[in-house]
Amino acid sequence: MYLSGALVLFIATIMNLLTRYKFISVIPYTKYVEAVLNFSCAILCLVLSIKPELNRLQYSVFFIQSTITTLIGFAGIGTMLLTFLGLSLFVNGFFTSRVKIKLTCFGIWWGLVIIGVYLGFGFRPAIFVVALTLFYIAMFATVYEKLNKKLSYLLPEKEVSSKSNELPPYGSVISLSKFGLTDRQKKFLLLVMNDNLTYDKIANDNYVSLSIVKMEMAQVCKLFGVKNKEDLKILLLQYKIEP
């Protein structure tokens, strides 16, 4: 994704510099600003192709590109990049805390972009951006929901748990409280499942030693009859988890 993105942005930079088309936008010196930002984001995409774990860098690229692409009139591409950014933030656990504040900031930012479209192109294009945004959000939400319900087909067929006969049918709700987990064990487990955090990160964020995290998660694995964290993930991905 990052390599193909870099290719697209390098081509876009050349097109920006060579085009005779006069950009209409609230951005001053649009042609050159667009070229500089496209080239910068292309370089960042090359960095991400080497270090894809740099999530904040990825968010920055999508933030910049969704903003400037929409403001220069390419609403379809801009709103698609916006909704992909929102989906990436969601699946990476960004909205698991301070949800209202983050959603408000997200909405204010996109509202300002829509105002910029209105100032540059008028009322109808601005309304079109709003409609496209709602459509892409609904589309991505539908795809996410379908994948979430049918994720089991992506998982190995082998049984990973020695207690498989004691667990509810795949796809049903599984309550962590029924397995006798402590509050700390449930918290660590949800951080591993929902936020995909490493043991080191969990230890640092919760001000405990790494050995304590490993000990608690080893006990969780034992309770579910699995050998390690990877098998635990495979097992629990087949259920809807509730505390």
Side-chain angles (χ1 to χ4, degrees), residues 1-3 5-6 44-63 84-99 101-103 105-106 140 143-145 147-148 150-164 167 170 173-243:
M1 181 179 73
Y2 298 129
L3 287 174
L44 294 179
C45 282
L46 292 178
V47 174
L48 284 166
S49 67
I50 301 171
K51 291 185 172 292
E53 69 276 7
L54 300 176
N55 287 332
R56 291 184 180 179
L57 197 59
Q58 173 195 320
Y59 303 151
S60 299
V61 171
F62 280 100
F63 175 84
F84 186 83
L85 169 61
L87 183 63
S88 297
L89 290 169
F90 174 72
V91 298
N92 287 333
F94 179 76
F95 294 112
T96 55
S97 63
R98 296 182 293 178
V99 180
I101 295 175
K102 291 176 179 178
L103 286 176
C105 292
F106 204 78
F140 276 111
V143 173
Y144 178 85
E145 182 63 21
L147 286 176
N148 192 39
K150 298 181 180 297
L151 189 62
S152 58
Y153 82 91
L154 297 172
L155 301 174
E157 296 181 0
K158 68 173 184 177
E159 295 288 353
V160 295
S161 173
S162 61
K163 296 185 177 182
S164 57
L167 296 171
Y170 293 153
V173 176
I174 190 167
S175 176
L176 299 180
S177 301
K178 293 182 179 180
F179 285 84
L181 273 67
T182 65
D183 289 339
R184 184 159 69 177
Q185 287 171 344
K186 285 190 285 187
K187 181 179 182 179
F188 290 173
L189 174 56
L190 291 174
L191 288 173
V192 168
M193 293 298 302
N194 296 337
D195 298 346
N196 200 30
L197 297 187
T198 63
Y199 287 174
D200 285 330
K201 179 65 174 172
I202 294 174
N204 291 333
D205 290 352
N206 290 274
Y207 306 103
V208 296
S209 67
L210 178 60
S211 60
I212 287 179
V213 177
K214 288 182 176 180
M215 179 185 69
E216 295 284 19
M217 288 303 298
Q219 182 62 28
V220 172
C221 289
K222 183 178 179 181
L223 288 170
F224 281 97
V226 296
K227 297 179 181 179
N228 49 48
K229 180 178 69 173
E230 286 69 33
D231 283 353
L232 181 64
K233 282 186 174 183
I234 291 174
L235 174 66
L236 294 183
L237 277 172
Q238 301 176 80
Y239 296 97
K240 296 178 180 178
I241 303 174
E242 63 176 26

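Numbers for residues simply follow the sequence, beginning at 1.
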Separation of Met1 CE from Phe84 CZ (nearest 0.5 Å): 4.5 Å

Set of side chain to side chain donor-acceptor pair (under 3.5 Å) partners for Lys187, sequence neighbours left out: Asn206

Approximate separation, where rounding is to 0.5 Å, of Leu85 CG and Phe106 CZ: 4.5 Å

Gap separating the CG atom of Leu176 from the CE atom of Met193, nearest 0.5 angstrom: 9.5 Å

Salt bridge (Lys or Arg N to Asp or Glu O under 4.0 Å) involving Asp200 - partner list, sequence neighbours excluded: none

Atom pair CZ/CE of Phe188 and Met217 - distance to nearest 0.5 Å: 9.0 Å

Non-neighbouring partners of Gln219 that pass side chain to side chain contact (heavy atoms under 4.5 Å, CB included), sequence neighbours left out: Gln185, Lys222, Leu223

Partner set under salt bridge (Lys or Arg N to Asp or Glu O under 4.0 Å) for Lys201, not counting sequence neighbours: Asp205

Partners meeting salt bridge (Lys or Arg N to Asp or Glu O under 4.0 Å) with Lys229 (sequence neighbours left out): none

Sequence-distant partners of Tyr59, ring-ring contact (aromatic ring centres under 6.0 Å, His included), two or more places apart: none

Set of residues satisfying side chain to side chain contact (heavy atoms under 4.5 Å, CB included) with respect to Leu57, sequence neighbours excluded: Leu44, Val47, Leu48, Leu54

Partners passing side chain to side chain contact (heavy atoms under 4.5 Å, CB included) against Ile174 (at least two apart in sequence or in another chain): Leu167, Pro168, Phe179, Phe224, Leu236, Tyr239, Ile241

Identified side-chain contact (heavy atoms from CB on, under 4.5 Å) partner of Leu197 from the options Val213, Ile202, Leu190: Ile202

Val192 side chain reached by Thr198 side chain, heavy atoms, under 4.5 Å: no

Counterpart residues, ring-ring contact (aromatic ring centres under 6.0 Å, His included), relative to Phe140 (two or more places apart): none

Point-to-point distance, once rounded to the nearest 0.5 Å, from CZ of Arg184 to CG of Leu189: 14.0 Å

Residues which pass side chain to side chain donor-acceptor pair (under 3.5 Å) with Ser175, listed by chain and number, not counting sequence neighbours: none

Intermediate values then yes/no, side chain to side chain contact (heavy atoms under 4.5 Å, CB included), Cys221 and Lys227: CA-CA 6 Å; Cys221 289; Lys227 297 179 181 179; over 6 Å; no

Set of ring-ring contact (aromatic ring centres under 6.0 Å, His included) partners for Tyr199, sequence neighbours left out: none

Test side chain to side chain contact (heavy atoms under 4.5 Å, CB included) applied to Leu210 and Asn204, step by step: CA-CA 8 Å; Leu210 178 60; Asn204 291 333; over 6 Å; no

Residue list, side chain to side chain contact (heavy atoms under 4.5 Å, CB included) with Ser209, at least two apart or on another chain: Ser211, Ile212

Exercise: identify the closest heavy-atom pair between Val61 and Cys45: CG1-SG, 4.2 Å

Separation of Leu87 CG from Phe62 CZ (nearest 0.5 Å): 10.5 Å

